[in-house]
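Notes follow the structure.
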Amino acid sequence: MVKICCIGAGYVGGPTMAVIAIKCPAIEVVVVDISKPRIDAWNSDTLPIYEPGLDDVVKACRGKNLFFSTDVEKHVAEADIIFVSVNTPTKTRGLGAGKAADLTYWESAARMIADVSKSDKIVVEKSTVPVKTAEAIEKILTHNSKGINYQILSNPEFLAEGTAIEDLFKPDRVLIGGRETPGGQKAVQALKEVYAHWVPEANIITTNLWSAELSKLAANAFLAQRISSVNAMSALCEATGANVSEVSYAIGKDSRIGPKFLNASVGFGGSCFQKDILNLVYICECNGLPEVANYWKQVIKINDYQKSRFVNRVVSSMFNTVSGKKIAVLGFAFKKDTGDTRETPAIDVCKGLVGDKAQVSIYDPQVTEEQIQRDLAMNKFDWDHPMHLQPTSPTAVKQKLDYQKIFDNMQKPAFVFDGRNVVDAEKLREMGFIVYSIGKPLDGWLKDMPAVA
Ligand code: NAD
Ligand code: UDX
């Protein structure tokens with residue numbers, strides 16, 4: 001029986017391993033983590049992360065061929081294939097601070113693997129890492145290898161939060177990079193066989209190590225660039241009377257452009273896009289490519305511009321001040337169907353509003369009040385208590401909101417600012433709301449109160 005151990009029981013390690021376990025009943029999968037509360041949660045009825053469909057997959061194989069443990073060393077020592085799926089955040093201090101990936105967790109995992117291993121291992125980079133990381137990992141592992149053979153593979157993960165299980169069941173592709181030596185190719189084949197249990201062979205791409213590592217950063221950079229492109233257009237739409245949804249639809253019909261990932265928004269969030277582009281920018285700079293670095297930097301600059309443009313629109317529409325005004329914020333996570341708040345644009349928006357002394361009430365069905373407080377790093381008295389809505393899914397919130405009742409209870413003029421173009425703006429206007437939709441023709445009121453970004 002092949003034994004797999006995954007170091008890191010987070011948003012990637014947990015769901016990815018659960019899917020391998022359910023698809024490969026003959027493989028024993030153990031997910032280990034240094035965080036006891038996280039492992040306890042994976043072993044409980046309330047999993048540490050919310051992901052549609054995840055509960056069913058975990059419950060189907062936990063205790064059979066899927067295990068969660070804090071006994072990191074034991075399971076690493078016993079494994080044939082070790083996935084490393086630890087966090088690789090942006091460095092906050094030292095060389096490359098604010099851009100480079102912090103590989104502290106990765107390095108400590110690699111050192112531990114080197115310390116405890118007694119048999120040959122395939123070590124798989126699941127985390128998103130800078131291109132050439134495998135070379136450094138190899139050095140750590142083989143420095144004191146005691147005759148053990150290590151093969152490093154790059155197998156970046158492309159799942160998106162909120163659709164992780166769907167993405168893992170039916171990935172567009174699985175990418176495996178390895179050394180072009182007989183040993184490297186044998187390891188690639190071994191990992192390929194794991195995925196081949198449910199992924200068609202044509203969708204399993206094999207490359208050299210550096211191509212696989214770089215493809216992950218490139219994919220995220222291209223995806224984020226589409227959003228910044230459409231968001232840049234949204235500002236021009238507002239200035240000219242064009243409608244960004246119509247523009248997106250029209251350009252997306254070109255099969256070379258395609259319709260996906262063209263929704264204008266208050267800006268992209270999440271733990272990956274910004275971090276990975278900053279990482280890419282840093283790598284370009286380190287390789288003497290400042291023009292390329294500057295090109296990708298613009299994607300983040302437009303995203304920051306879009307977030308501040310939204311806050312400025314809210315403030316300028318309400319007579320240039322929101323001081324003392326009651327503002328309800330619906331949704332706080334970085335996208336729907338997740339409780340993850342890392343880099344959510346809601347943080348920038350709420351901080352901007354609270355900074356102008358608004359009385360902000362925040363509600364998200366998947367995010368706790370404590371989490372919101374931590375994210376905004378503010379004292380409790382700085383905002384009202386979250387509203388006491390009780391539904392369990394964003395869809396339910398939408399269904400329960402009685403806009404007519406809300407309108408009747410609001411001070412006039414009453415405003416709705418839609419950062420995701422999800423409300424029926426025309427219907428709300430008929431009720432009397434002044435509605436701002438990103439990239440859509442502006443109400444007369446909003447035209448008279450121009451936002452300065
Ligand atoms: P996460 O923070 O949710 O999980 C990482 C886990 O690793 C944590 O639970 C932490 O306690 C554990 N850990 C850290 N060091 C450890 C060690 N030495 N030993 C054992 N456990 C250790 O992170 P995540 O969102 O799952 O992301 C993991 C990696 O995958 C990152 O590189 C990220 O860029 C990449 N990625 C994330 C996503 C996503 O949607 N979140 C998608 C694709 C790729
Ligand atoms: C992303 C990549 O999609 C995934 O392949 C990678 O593995 C991890 O990073 P994730 O960040 O989980 O996934 O979610 P994603 O669906 O990409 O959304 C990221 C952000 O972009 C969200 O804030 C989302 O609301 C925003 N977005 C997405 C838009 O503003 N417009 C769009 O058209 C699509």
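In each ligand, atom 1 is the first atom listed, and ligand 1 is the first ligand listed. Here, residue 1 is the first one in the sequence, and each next residue gets the next number.
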Are Trp296 and Phe222 close enough that their ring centers fall under 6.0 Å?
-> yes

Could you pull out every N or O of ligand 1 that sits under 3.5 Å from a protein N or O, with the distance for each pair?
unit_1   : atom_1 : unit_2 : atom_2 : d
ligand 1 : 3 (O)  : Tyr11  : N      : 3.2
ligand 1 : 3 (O)  : Arg38  : NH1    : 3.1
ligand 1 : 4 (O)  : Arg38  : NH1    : 3.3
ligand 1 : 9 (O)  : Asp33  : OD1    : 3.4
ligand 1 : 9 (O)  : Asp33  : OD2    : 2.6
ligand 1 : 9 (O)  : Arg38  : NH1    : 2.8
ligand 1 : 11 (O) : Asp33  : OD1    : 2.6
ligand 1 : 18 (N) : Ser108 : OG     : 3.3
ligand 1 : 21 (N) : Ile34  : N      : 3.4
ligand 1 : 25 (O) : Arg342 : NH1    : 3.4
ligand 1 : 25 (O) : Arg342 : NH2    : 2.9
ligand 1 : 26 (O) : Tyr11  : N      : 3.0
ligand 1 : 26 (O) : Val12  : N      : 2.9
ligand 1 : 32 (O) : Thr88  : OG1    : 2.5
ligand 1 : 32 (O) : Thr128 : N      : 2.9
ligand 1 : 34 (O) : Thr128 : OG1    : 3.4
ligand 1 : 34 (O) : Lys275 : NZ     : 2.6
ligand 1 : 40 (O) : Glu161 : OE2    : 3.2
ligand 1 : 41 (N) : Glu161 : OE2    : 2.8

Smallest heavy-atom separation, Glu161 atom then Lys335 atom, equals O-NZ, 2.5 Å

Is there side-chain contact between Gln225 and Phe273, with heavy atoms separated by less than 4.5 Å?
->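 When only atoms from C-beta onward are counted, Phe273 and Gln225 do not touch, as no gap falls below 4.5 Å.
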
State whether the number of non-hydrogen atoms from other residues, nucleotides or ligands found under 6.0 Å of Met112 atom CE is greater than 12.
-> yes

Parallel, tilted or perpendicular: ring planes of [X] versus [Y], cut at 30 and 60 degrees:
X: Phe417; Y: Phe310; value: perpendicular
X: Phe433; Y: Tyr403; value: perpendicular
X: Tyr195; Y: Trp198; value: tilted

Close-range residues for ligand 2, whose non-hydrogen atoms fall below the 4.0 Å threshold =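 Answer by chain and number: Glu157, Phe158, Leu159, Ala160, Glu161, Lys216, Asn220, Leu223, Ile227, Phe261, Leu262, Asn263, Ser265, Phe268, Gly269, Cys272, Phe273, Phe334, Lys335, Arg420.
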
For Lys192, enumerate each residue passing the salt bridge (charged side-chain N to carboxylate O under 4.0 Å, His left out) test, keeping only those at least two apart in sequence or located in another chain.
->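 Per chain and number, Lys192 pairs via salt bridge (charged side-chain N to carboxylate O under 4.0 Å, His left out) with Glu201.
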
Which donor-acceptor pairs under 3.5 Å do side chains of residues 76-91 form with protein atoms, sequence neighbours excluded?
unit_1 : atom_1 : unit_2 : atom_2 : d
Asp80  : OD2    : Lys3   : N      : 2.7
Ser85  : OG     : Gly13  : N      : 3.3
Thr88  : OG1    : Thr128 : O      : 2.9
Thr88  : OG1    : Lys275 : NZ     : 3.3
Lys91  : NZ     : Leu95  : O      : 2.8

